[in-house]
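Working notes, beginning with the structure itself.
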Amino acid sequence: MYYVFILGTAGSGKTTMTKNLQDYLLDQEMDTAIINLDPAVEHLPYTPDFDVRDYVDAYEVMDNYQLGPNSALIASIDLILTRASEIKSDIDQIEANYVLIDTPGQIELFAYRETGRLISKLIRGNNKALGLFLFDSFLAKEARSFVSLLLLSSSIKFRLELPIINVLNKVDLLTDKELEQILGWGESAENLIDELGKVDEYSLELINLLIESLSSNLIPVSSEKGSGFDELYAEIQRVLAGGEDYL
Ligand code: GDP
Ligand code: MG
């Protein structure tokens, strides 16, 4: 069994990707299950095999602990860890080639907090796993935001200790020229620095390092239109076959 964590900023298309990647994998005759980890989602386009909302209700947490929406979501995930053994036995019932994990938009859970790491370990156990980090095209087309997304992706990779495939999502919203430009930034730090204009020495080194350390190119997809999935699936298989080499 392989575990694929679908990660990205709020609204980057994680839920849409989860649904359409499942459909794609089913077409490839791969058994696929889905874990929903978003405690606040109201409507899901797929039927989850495990749903965190069966354990915590973010709206009840908000009321009971007098929290605002963002902190209630973070607290909800903290709370589910108090029920780790029940959750583990539920998840252990899942039989599939691929288990897709749809994650909440509170990306700090996975980038900055130990909870995200604990929960990902609880779910995947000793199985092979990777993360897809979705770059929202709407953000990525601005060079500084592109750099911020690279940093966020690195932070998640460091925190989760998982190989991460960087995916440029919603390419249907980009012109051909914009798409080419973003892919160019991912291929060479020089392209990115040209676009940024004058940057200080520290940023220059950082950008060089970030681009150099990308283990593969950004994979352009539209999770909504279903484009780019052949290339994405090939990359998933490559990373899973390579295992630790891609960390
Ligand atoms: P999540 O918050 O990361 O789970 O994002 P969702 O999957 O809920 O998507 C957020 C919004 O982006 C929804 O309105 C989706 O229809 C839209 N969306 C997701 N993927 C794509 C895409 O590939 N192209 C376009 N144009 N919109 C998308
Ligand atoms: Mg979602």
Side-chain angles (χ1 to χ4, degrees), residues 3-25 27 32-59 61 69-70 72-74 76-77 80 99-112 115-116 119-120 123 130-142 145-146 148-149 152-153 155-156 160 164-180 182-183 186 218-233 235-236:
Y3 287 77
V4 179
F5 290 83
I6 320 262
L7 303 149
T9 51
S12 58
K14 298 177 293 296
T15 298
T16 312
M17 167 61 87
T18 305
K19 150 89 181 131
N20 288 339
L21 186 56
Q22 175 174 52
D23 290 349
Y24 177 89
L25 290 169
D27 279 348
T32 310
I34 294 180
I35 291 178
N36 170 45
L37 274 191
D38 188 346
V41 68
E42 281 175 29
H43 169 74
L44 288 176
Y46 52 76
T47 310
D49 299 87
F50 173 90
D51 194 338
V52 74
R53 294 174 301 174
D54 294 340
Y55 285 88
V56 281
D57 180 328
Y59 298 98
V61 172
N70 201 46
L73 287 170
I74 291 170
S76 298
I77 301 287
I80 73 165
V99 182
L100 309 180
I101 302 104
D102 186 12
T103 63
Q106 276 60 32
I107 197 71
E108 60 261 54
L109 280 168
F110 298 97
Y112 310 122
T115 321
I119 205 113
S120 79
I123 290 172
L130 59 77
L132 304 182
F133 180 77
L134 306 188
F135 282 52
D136 188 331
S137 284
F138 183 73
L139 300 175
K141 66 185 175 186
E142 203 273 310
S145 307
F146 182 81
S148 303
L149 290 172
L152 192 52
S153 170
S155 174
I156 288 171
L160 297 188
I164 298 286
I165 299 174
N166 289 305
V167 177
L168 180 63
N169 189 30
K170 308 192 191 180
V171 293
D172 58 293
L173 297 179
L174 297 172
T175 63
D176 291 349
K177 200 162 166 254
E178 285 171 328
L179 174 60
E180 202 183 313
I182 299 172
L183 295 178
L218 272 174
I219 315 264
V221 308
S222 167
S223 61
E224 201 159 85
K225 312 269 182 243
S227 70
F229 279 53
D230 287 339
E231 201 191 331
L232 176 60
Y233 183 44
E235 185 64 15
I236 290 174

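For ligands, and for the atoms within them, numbers begin at 1 and follow the listed sequence.
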Item to check | Evaluation steps, side-chain hydrogen bond (donor to acceptor under 3.5 Å, both in side chains), between Asn166 and Ser153 | outcome: CA-CA 8 Å; Asn166 289 305; Ser153 170; 2.6 Å; yes
Checklist entry - What do the steps show when you test Leu73 against Leu109 for side-chain contact (heavy atoms from CB on, under 4.5 Å), and what is the final call? => result CA-CA 10 Å; Leu73 287 170; Leu109 280 168; over 6 Å; no
Item to check | side-chain contact (heavy atoms from CB on, under 4.5 Å) between Tyr46 and Gln22, intermediate numbers included | outcome: CA-CA 9 Å; Tyr46 52 76; Gln22 175 174 52; 4.2 Å; yes
Checklist entry - Under the side-chain contact (heavy atoms from CB on, under 4.5 Å) criterion, do Ile101 and Lys14 qualify, and how do the steps go? => result CA-CA 9 Å; Ile101 302 104; Lys14 298 177 293 296; over 6 Å; no
Checklist entry - Can you check side-chain contact (heavy atoms from CB on, under 4.5 Å) on Ile35 and Leu100, steps first, answer last? => result CA-CA 6 Å; Ile35 291 178; Leu100 309 180; over 6 Å; no
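The shortest side-chain heavy-atom distance between Val99 and Val4 does not fall under the 4.5 Å cut-off.
Atom 1 (P) of ligand 1 has its closest protein heavy atom at Lys14 N, 3.5 Å. Looking only at heavy atoms of the protein, atom 20 (N) of ligand 1 is closest to Ser223 OG, 3.0 Å. Looking only at heavy atoms of the protein, atom 5 (O) of ligand 1 is closest to Gly13 N, 3.1 Å. At the top of the distance list for atom 8 (O) of ligand 1, counting protein heavy atoms only, stands Thr15 CB, 4.1 Å. Nearest protein heavy-atom contact of atom 2 (O) of ligand 1 is Gly11 N, 3.0 Å. Ranking the protein heavy atoms by distance from atom 18 (N) of ligand 1 puts Glu224 OE2, 3.5 Å first. The nearest heavy-atom contact from the protein to atom 7 (O) of ligand 1 is Thr16 OG1, 2.5 Å. Protein heavy atom closest to atom 12 (O) of ligand 1, with residue, atom name and distance, is Lys170 NZ, 3.3 Å.
Contact check on Arg53 versus Asp57 returns no salt bridge, with no Lys/Arg side-chain nitrogen under 4.0 Å from an Asp/Glu carboxylate oxygen.
Below 3.5 Å of separation, one finds an N or O of Asp172 facing an N or O of ligand 1. Taking distance alone, with nitrogen or oxygen atoms compared against 3.5 Å, Ala10 stays at or beyond that limit from ligand 1. Distances between N or O atoms of Asp102 and those of ligand 1 include no value under 3.5 Å.
Without hydrogens or angle criteria, Glu178 side chain to Thr175 main chain gives a donor-acceptor distance under 3.5 Å. Judged by distance alone, with hydrogens and angles left aside, the side-chain atoms of Ser155 form a donor-acceptor pair with the main-chain N or O of Ala111 at under 3.5 Å.
Under a 4.0 angstrom heavy-atom cut-off, Gly8 registers as lying outside contact with ligand 1. In this structure, Gly105 has no heavy atom closer than 4.0 Å to ligand 1.
Counting heavy atoms under 4.0 Å from ligand 1, residue Leu134 does not touch it at all. Contact annotation: for Leu173 versus ligand 1, heavy atoms closer than 4.0 Å belong to the side chain alone.
In this structure, atom 10 (C) of ligand 1 is in close contact with the protein, since a protein heavy atom lies within 4.0 Å of it. Checking atom 14 (O) of ligand 1 against the protein gives no heavy-atom contact under 4.0 Å.
Against a heavy-atom cut-off of under 4.0 Å, Ser222 is close to the following atoms of ligand 1: 22 (C), 23 (O), 24 (N). The distance from ligand 1 to the heavy atoms of Asn169 drops below 4.0 Å at these ligand atoms: 20 (N), 23 (O).
Aromatic rings of Phe135 and Phe146 (six-membered ring for Trp) have centroids within the 6.0 Å cut-off, being under it. You'll find the ring centres of Phe5 and Phe133 outside the 6.0 Å limit.
Using a cut-off of 2.8 Å, one finds that Thr18 contributes no N/O/S atom close to the Mg ion (ligand 2).
For the pairing with Pro39, the side chain to side chain contact (heavy atoms under 4.5 Å, CB included) check across Val52, Val61, Asp51 returns one residue only, Val52.
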